[in-house]
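Computed from heavy atoms alone, side chains included, the values below leave out hydrogens, waters and symmetry copies.
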Number of protein chains: 2
Amino acid sequence: MTALHSPFSRKLGAFVALSGEELSALERLHGRRKSFAAGRDMVHQGQVNQSAYILASGWVCSYKLLSGGTRQIVDFQIPGDFLGLRSVLFRTADHNIEPVTRVEASEVLASDLLETFSRTPRLATAVLWAASRDEAMVVEHLVGIGRRDAKERTAHFLLELGARLKLVGLGTALEYSCPLSQYMLADAMGLSAVHVNRVLRELREDGLVTFQQGEVTIHDLDRLVTLADFDKTYLDHDGPLLK
Amino acid sequence: MTALHSPFSRKLGAFVALSGEELSALERLHGRRKSFAAGRDMVHQGQVNQSAYILASGWVCSYKLLSGGTRQIVDFQIPGDFLGLRSVLFRTADHNIEPVTRVEASEVLASDLLETFSRTPRLATAVLWAASRDEAMVVEHLVGIGRRDAKERTAHFLLELGARLKLVGLGTALEYSCPLSQYMLADAMGLSAVHVNRVLRELREDGLVTFQQGEVTIHDLDRLVTLADFDKTYLDHDGPLLK
DNA sequence: ATCGTGGACTGAGGCAGATCAGTGCCAGTG
DNA sequence: CACTGGCACTGATCTGCCTCAGTCCACGAT
């Protein structure tokens, strides 16, 4: 697969119109392809001189561990997402990265990344753009945990996931497959797994959305969007913002 | 005040060793100085073609409104912080920005910012660094709201604020002044104002920290750090990371 | 002087969601 | 085959935090 067709290039291209030269610089950035088994952390909190990765297939989650032994999942990454940018920029990882499924990813060496930035500066801007979008997702996540109740939060979460997957061609607005267990949802949404289970049942009984056997099916998009107060503008936009 | 001495330049310099030329490009970036009254929003959700700002003095908060009328404060900004980067990159603001006190800030036009990035690319990398640090703070905030109880969360919040203020010379590790009302703390921490009040009293009665009349005084740093599970590495580091 | 306003602070009562302690259903695996 | 471990799911109980409904300042405006 060339960078020209990689989901990552496509994503950056949505922010900054990329020249042929920039596209091939992106292509060279994709270093060695690596494979990771589900459940075994790719990166640990505190590790130094980590590489970053561009996710080709599979799902991963980024989380932080607390002293009490609980964890908070900050975000899930899906194919086309960039992993561990902060770990590279700060030389030491401030969070763990765990593959949720088997994962294929291209390693990006810190030195290559910084050199690419200096030689093709517009790519630095493009990556800044992508990082800002990630931050917007974390912010939305924060708002959800802080001010939405469990049902709204879960609805919002499932809608966001659907929108993201649709953007990379891994599902439709109404249906997608999702390898996350209820335990992981709980760790992501700041709930207990028990409560996630009950909330999913309620959403199902309300005829809004079903999440069973790894498949999410949205039955009533409008009502779900209203319940969740979901506004997808932070995920998407029309055409490159920088010509 | 020249950019050479502005807190913002100092902050970026902590990430990327800046040349004289880069420093003066930064200086030129500081556009018109503007002043804002407390309480009147500088930026609204949904506004397009906003400028960004570099905060010179005063405090502001960034928050999102929910349909229910509640709000979640995402972060507070203090002098030296960059405001509204996302609003500029995405052309439309996804959050509100409200001055907490009277505020002095330099306006940064979107076009100037992008032009600066293309002419002095290392500044794009530096801003990427700063944005990543902001994201790290939001992530820490997310973890707190998701997995820390009200007392730990409040302790963590006060410690983080102290560390940030110390970095820009506005307080010591043990004492600083803080213009935030308990209502704002509540909106930031995902609690009710009533509960914030009780938690602050408990922290005071435990001899850990006092927050009264706009002054925060930490009485027992060690126990507070332990309670909050506070690790300040995400805020600070030694020397520029990019020479 | 008094009124109004905004913030700190308090008590009582209710509820969302946590915790505890399970059951049942697979898919491995030795 | 029985045994194990992971996940979905459930009922009972408990609790952290919210909501409501106030009081009591300190202040600036009239």
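Looking only at distances, no side-chain donor or acceptor of B:R71 sits under 3.5 Å from a matching main-chain atom of B:Y63.
Axis orientation changes by 30° from one end of the helix from C:dA1-D:dT30 to C:dG30-D:dC1 to the other, with each end axis drawn from 5 pairs and the value rounded to 10°.
As judged by a 4.0 angstrom heavy-atom cut-off over every strand, B:L200 is placed among residues making no nucleic acid contact. At a threshold of 4.0 angstrom between heavy atoms, the contacts of A:G214 with the nucleic acid are absent. Here B:G39 lies out of heavy-atom contact (under 4.0 Å) with every strand. Counting non-hydrogen atoms under 4.0 angstrom, B:S181 reaches the backbone sugars and phosphates but no base.
For the residue pair A:E160 and A:Y234, a side-chain donor N or O sits within less than 3.5 Å of a side-chain acceptor on the partner. Side chains of B:S57 and B:E104: no donor on one and acceptor on the other come within 3.5 Å. A donor and an acceptor atom, one from each side chain of A:Q50 and A:S87, are nowhere located under 3.5 Å apart.
Atom CZ of B:R91 sits in a sparse spot, with 12 or fewer heavy atoms from other residues, nucleotides or ligands closer than 6.0 Å. A:K232 NZ: 12 or fewer foreign heavy atoms inside a 6.0 Å radius.
B:L227 is listed as a side-chain neighbour of B:L203, based on a closest heavy-atom distance under 4.5 Å. Here the side chains of A:V216 and A:C178 are in contact, with some heavy-atom distance below 4.5 Å.
Taking atom CZ on B:R148 and atom C1' on D:dG16, their separation rounds to 17 Å, with Å as the unit. Following rounding to the nearest Å, A:M189 (CE) and C:dA18 (P) show an atom-to-atom distance of 10 Å. To the nearest angstrom, P of D:dC9 lies 11 Å from OH of A:Y183. Look at CG on A:L185: it is 12 Å from C1' on D:dA8, rounded to the nearest Å. The distance from atom CG of A:L203 to atom P of D:dC9 is 13 Å, rounded to the nearest whole Å. Taking atom CG on A:L191 and atom C1' on D:dC17, their separation rounds to 15 Å, with Å as the unit. For the pair B:Q213 CD and D:dC25 P, the computed distance is 14 Å after rounding to whole Å. Rounded to whole Å, atom C1' of D:dC17 lies 17 Å from atom CD1 of A:I145.
Listed candidates were D:dC18, C:dC9, C:dG17. Nearest to the side chain of A:D149 is C:dG17. Across D:dC18, C:dT19, C:dG17, the shortest atom-to-atom separation from the side chain of A:A150 is found for C:dG17. You'll find that the side chain of B:S192 is closest to D:dT19, out of C:dC9, D:dT19, C:dT19.
B:E140 has a carboxylate O that lies under 4.0 Å from a charged side-chain N of A:K64, or vice versa, which qualifies the two as a salt bridge.
Listed pair B:Q212 / C:dA8 fails the phosphate criterion, with no side-chain N or O lying under 4.0 Å from OP1 or OP2.
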Polar atoms only, N or O, under 3.5 Å: list the protein pairs with nucleotides 10-14 of chain C and their distances.
unit_1, atom_1, unit_2, atom_2, d
C:dT10, OP2, B:R201, NE, 2.7
C:dG11, N7, B:R198, NH1, 3.3
C:dG11, O6, B:R198, NH2, 3.4
C:dA12, N6, B:R198, NH2, 3.3

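Note: B:F76 and B:F157 have perpendicular aromatic rings, judged against thresholds of 30 and 60 degrees for the angle between ring planes.
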